[in-house]
Amino acid sequence: MKPETRVPQQERSIEKREQIVGAGLKLFSEKGYHHTNTKEIASEAGVSIGTFYAYFADKRDLFIEVFSRYNSKISRVLATIPVKDYLQPGSEKDFILLLVNKLLEAHDISPGFHQELESMIHSDEEVGRVMESLRQSSIDMTRSILGNWKKVLRPRDINAASIVIQHAIEEMVHAIRFKTSDVKPEKLKNELVDMIHRYLFV
């Protein structure tokens with residue numbers, strides 16, 4: 001049975017819980033989930049181990065809280081894409097650039113934590129499920145846009161094209177944000193946008 005944890009009501013209690021969440025994010029990002037323990041998190045947060053367990057049942061409980069907040073931030077970034085502004089022919093390349101920029105922006109949110117999540121996708125069922133849900137949201141949004149351009153699209157299978165585009169963008173965004181290269185990030189981004197535009201319309 002999961003131990004009962006406290007739901008903070010007073011400002012001081014809320015602050016302590018936030019300190020623990022912040023410490024968890026920092027250590028999960030720097031050391032990884034499996035190489036971090038609750039004593040280290042409590043120490044980083046400046047609270048006792050007893051205080052940690054007053055608010056979180058265990059390390060996993062804290063990780064899920066950090067993960068949930070991270071997902072909310074990513075979703076808010078994706079929700080700011082003004083899809084309706086890009087429904088008219090002639091705005092295709094602008095939309096592709098905007099989509100790439102928004103995904104780059106999303107990957108600027110706790111990049112170390114994102115890399116840890118990517119490493120856990122195949123070993124943690126819940127992480128894998130939620131990350132796939134985020135990808136699917138991106139694919140669904142791309143599909144809705146492509147549906148409005150279907151008369152001028154080169155690919156005939158919009159579903160397949162949406163998946164190809166999402167994975168191509170994700171791989172290059174990871175390369176830009178997480179890997180070193182002799183080529184400047186802006187150049188890589190522009191080449192990616194041009195490649196996708198040619199795949200869809202040329």
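Atom set for the values below is all heavy atoms of this structure, side chains included, hydrogens, waters and symmetry mates excluded.
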### Query
Within a strict 4.5 Å, meaning less than it, do heavy atoms of the S91 and D85 side chains meet?
no
### Query
Is it the case that T51 and K16 place a side-chain donor and acceptor less than 3.5 Å from each other?
no
### Task
I would like to know whether F56 and T38 meet side-chain contact (heavy atoms from CB on, under 4.5 Å); could you show each step before the answer?
CA-CA 10 Å; F56 296 97; T38 55; over 6 Å; no
### Message
Using a 3.5 Å distance criterion without hydrogens, assess whether the side chain of Q19 forms a donor-acceptor pair with backbone atoms of A45.
### Response
yes
### Task
Describe, in one word, how the ring planes of F63 and F28 are oriented to each other, choosing from parallel (under 30°), tilted (30 to 60°) and perpendicular (over 60°).
perpendicular
### Task
Quick one: do M131 and V127 satisfy side-chain contact (heavy atoms from CB on, under 4.5 Å)? Show the steps, please.
CA-CA 6 Å; M131 293 294 281; V127 170; 4.0 Å; yes
#### Entry: Side-chain donor or acceptor of S29 paired with backbone N/O of F113 under 3.5 Å
yes
### Task
Indicate yes or no: does R177 engage E171 in a salt bridge with an N to O separation below 4.0 Å.
no
### Message
Testing the 3.5 Å rule here: is there a donor-acceptor pair between the side chains of N101 and E105?
### Response
no
### Message
I need the minimum non-hydrogen distance between G147 and I158, along with the two atoms involved.
### Response
CA-CD1, 3.9 Å
### Task
Under the side-chain contact (heavy atoms from CB on, under 4.5 Å) rule, what do S110 and L25 come out as? Steps first, then yes or no, please.
CA-CA 8 Å; S110 306; L25 172 60; 3.8 Å; yes
### Query
Looking only at atom types and distance, does a side-chain atom of N190 sit under 3.5 Å from a main-chain N or O of E186, one as donor and one as acceptor?
yes
### Query
What pairs meet the ring pair (Phe, Tyr, Trp, His ring centres under 6.0 Å) rule with one or both residues in residues 148-172, with sequence neighbours excluded?
F95-W149, W149-F201
#### Entry: Side-chain heavy atoms of V193 within contact of K93, under 4.5 Å
yes
### Query
Is any NZ, NE, NH1 or NH2 atom of the basic residue among R129 and E132 found under 4.0 Å from an Asp or Glu carboxylate oxygen of the other?
no
## Note on the structure
Closest non-hydrogen contact found for V173 with L103 is CG1-O, 3.9 Å
### Message
Would you say M141 ends up clustered with V100 if hydrophobic residues are merged whenever their side chains have heavy atoms under 4.5 Å apart, either directly or through other cluster members?
### Response
yes
### Query
Does one hydrophobic cluster hold both I121 and I139, with members joined at side-chain heavy-atom distances below 4.5 Å?
no
### Message
Applying salt bridge (Lys or Arg N to Asp or Glu O under 4.0 Å) as the test, list every pair that has at least one member in residues 26-44; sequence neighbours left out.
### Response
K26-E30, K26-E44, K31-E40
### Query
For the residue pair F178 and H107, does the interplanar ring angle fall in the parallel (under 30°), tilted (30 to 60°) or perpendicular (over 60°) class?
tilted
### Task
Evaluate the criterion salt bridge (charged side-chain N to carboxylate O under 4.0 Å, His left out) for residue pair E118 and R135; output intermediate values, then yes/no.
CA-CA 12 Å; E118 288 292 334; R135 288 191 176 98; 3.1 Å; yes
### Message
Tell me every residue that passes side chain to side chain contact (heavy atoms under 4.5 Å, CB included) with L188, counting only those two or more places apart in sequence or in another chain.
### Response
M172, I176, S181, V183
### Task
Answer with yes or no whether the hydrophobic clustering places I163 together with L134; edges join I, L, V, M, F, W, Y residues whose side-chain heavy atoms lie under 4.5 Å apart.
no
### Task
Would you give the length of the straight line joining atom NZ of K59 to atom CG of N37, rounded to the nearest 0.5 angstrom?
7.0 Å
### Query
Which atom pair, heavy atoms only, marks the closest approach of R143 to S162?
CA-OG, 3.2 Å
#### Entry: Heavy-atom closest contact (A106 atom, Y70 atom, distance)
O-OH, 4.4 Å
### Task
Mind checking the CG-CZ spacing from D58 to F52? Nearest 0.5 Å is all I need.
7.0 Å
#### Entry: Rounded distance [0.5 Å steps], CG in D140 versus CG in N159
9.5 Å
### Query
Between CD of E170 and CD1 of I165, what distance do you get to the nearest 0.5 Å?
14.0 Å
#### Entry: salt bridge (charged side-chain N to carboxylate O under 4.0 Å, His left out) between E15 and R12, worked out
CA-CA 5 Å; E15 184 178 332; R12 189 163 180 270; over 6 Å; no
### I196 to I169 - nearest heavy-atom pair and separation
CD1-CG1, 3.5 Å
### Query
Would a hydrophobic clustering, with Ile, Leu, Val, Met, Phe, Trp and Tyr connected at side-chain separations under 4.5 Å, put Y53 with I20?
yes
### Query
To the nearest 0.5 Å, what is the distance between CD1 (I14) and CZ (R17)?
9.5 Å
### Message
Has S75 got a side-chain atom pairing as donor or acceptor with N71's backbone, closer than 3.5 angstrom?
### Response
yes
#### Entry: Residue pair L104, K189: steps toward the side-chain contact (heavy atoms from CB on, under 4.5 Å) verdict
CA-CA 9 Å; L104 284 167; K189 181 181 74 174; 3.7 Å; yes
### Summary
For L27 and T36, the nearest pair of non-hydrogen atoms, with its separation, is O-OG1, 3.4 Å
#### Entry: Same apolar cluster (I L V M F W Y, side chains within < 4.5 Å links), V66/V130
yes
### Message
Pair Y33, F67 - check ring pair (Phe, Tyr, Trp, His ring centres under 6.0 Å), show working.
### Response
CA-CA 11 Å; Y33 175 76; F67 189 21; over 10 Å; no
### Task
State the CD1-CZ distance between I96 and R198, to the nearest 0.5 angstrom.
11.5 Å
#### Entry: N-O pairing of R60 and D124 below 4.0 Å
yes
### Task
Look at the aromatic rings of H114 and H174 and report parallel, tilted or perpendicular, splitting at 30° and 60°.
perpendicular
